[in-house]
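Remember, predicted model here, so these are calculated numbers, not experimental data.
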Amino acid sequence: MHIEKAKVEIIHNDFVPPSEHLKAARTESEKVTGNPDISQKANASIIEAQIKVKEGDIKGATAELNKALALYKSL
């Protein structure tokens, strides 16, 4: 849920709320059970998205969030 909300905020160039949603997504990602390799890769994508948001890279951040969502859905 936080990943989807962050994507919407990023697309609208509103970088403060996505940071909060990304922080929440990282916290929640630690609670995800299933394949630990997939969970770790998804969490890494969220971290990378945070970095890209700070750099102002909207497309890159969105791509990383899409990657994280795909990984979580594969669990």
Would you please name every residue forming a salt bridge (charged side-chain N to carboxylate O under 4.0 Å, His left out) with Lys73, sequence neighbours left out? none
Holding to side chain to side chain contact (heavy atoms under 4.5 Å, CB included), I want the full list of residues that pass it with Ile51, two or more places apart in sequence or in another chain. Ile47, Glu48, Glu55
Over all heavy atoms of both residues, which pair between Leu71 and Ile38 is shortest? Give the atoms and the distance, please. O-CG2, 3.3 Å
Nearest 0.5 Å, what's the CG-OG1 distance between Asn43 and Thr27? 9.5 Å
Just list the side-chain donor-acceptor pairs under 3.5 Å for residues 59-66, sequence neighbours left out, or say none.
from	atom 1	to	atom 2	distance (Å)
Thr62	OG1	Ile58	O	2.9
Glu64	OE1	Ser45	OG	3.4
Glu64	OE2	Lys67	NZ	3.4
Asn66	OD1	Lys7	NZ	2.6
Asn66	ND2	Thr62	O	3.3

Specify the closest pair of heavy atoms between Tyr72 and Ser39, including all atoms of both residues, with the distance to one decimal. OH-O, 4.2 Å
